[in-house]
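One structure is given here, and the rest of the page talks about it.
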Amino acid sequence: SIIKKIIFNLYFKKLIEIDNKKYTYRTKEYEIVVEDVKELGLFLEVEKLNVKKSDNIIKIRKKINEFIKKLGINTSQELHIGKPEMMLKN
């Protein structure tokens with residue numbers, strides 16, 4: 001791809017490559033992304049759609065967590081680290 005050629009010509013060295021598959025779904029209120037990452041497992045990301053600046057983020061997070069529970073999905077705590085960092089720690 002053109003991006004790979006540009007990066008190669010800038011002499012960047014590849015640090016890590018992540019092999020994953022993403023599946024994106026939508027409801028009226030949420031966008032749900034299920035990501036299957038080789039060597040790391042499954043990840044779930046739920047984003048509230050149509051959020052306004054005036055919306056209360058704490059209430060939105062609570063609603064997202066309630067939505068996930070209604071789906072019957074057991075999840076770990078929210079991660080505050082990217083997948084590349086996780087791969088490098090393995």
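What you are looking at is a predicted structure, and each value in this text was computed from that prediction instead of being measured.
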Is there side-chain contact between [X] and [Y], with heavy atoms separated by less than 4.5 Å?
{"X": "K83", "Y": "L40", "result": "yes"}
{"X": "K69", "Y": "F67", "result": "no"}
{"X": "L49", "Y": "R26", "result": "yes"}
{"X": "F43", "Y": "M86", "result": "yes"}
{"X": "L44", "Y": "I32", "result": "yes"}
{"X": "Y30", "Y": "I64", "result": "yes"}
{"X": "V37", "Y": "I18", "result": "yes"}
{"X": "L88", "Y": "I16", "result": "yes"}

Residue pairs fulfilling salt bridge (charged side-chain N to carboxylate O under 4.0 Å, His left out) with at least one residue in residues 38-60, sequence neighbours excluded: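 Non-adjacent pairs meeting salt bridge (charged side-chain N to carboxylate O under 4.0 Å, His left out): E29-K48.
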Distance check, rounded to the nearest 0.5 Å: [X] atom [atom1] versus [Y] atom [atom2]?
{"X": "K63", "Y": "K70", "atom1": "NZ", "atom2": "NZ", "answer": "9.5 Å"}
{"X": "F8", "Y": "L10", "atom1": "CZ", "atom2": "CG", "answer": "11.0 Å"}
{"X": "D19", "Y": "D36", "atom1": "CG", "atom2": "CG", "answer": "9.0 Å"}
{"X": "L15", "Y": "M87", "atom1": "CG", "atom2": "CE", "answer": "10.5 Å"}
{"X": "E35", "Y": "T24", "atom1": "CD", "atom2": "OG1", "answer": "9.0 Å"}

ILVMFWY network linking I58 to V51, side-chain heavy atoms under 4.5 angstrom: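 No, because I58 and V51 fall into different hydrophobic clusters, even though each may have its own neighbours under 4.5 Å.
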Residues forming a side chain to side chain donor-acceptor pair (under 3.5 Å) with N65, sequence neighbours excluded: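 Here no residue qualifies.
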Exceeds 12 heavy-atom contacts within 6.0 angstrom, atom CD of E17: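 No.
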With I2 via side chain to side chain contact (heavy atoms under 4.5 Å, CB included) - residues at least two apart: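 For I2, the residues satisfying side chain to side chain contact (heavy atoms under 4.5 Å, CB included) (neighbours in sequence not counted) are I6.
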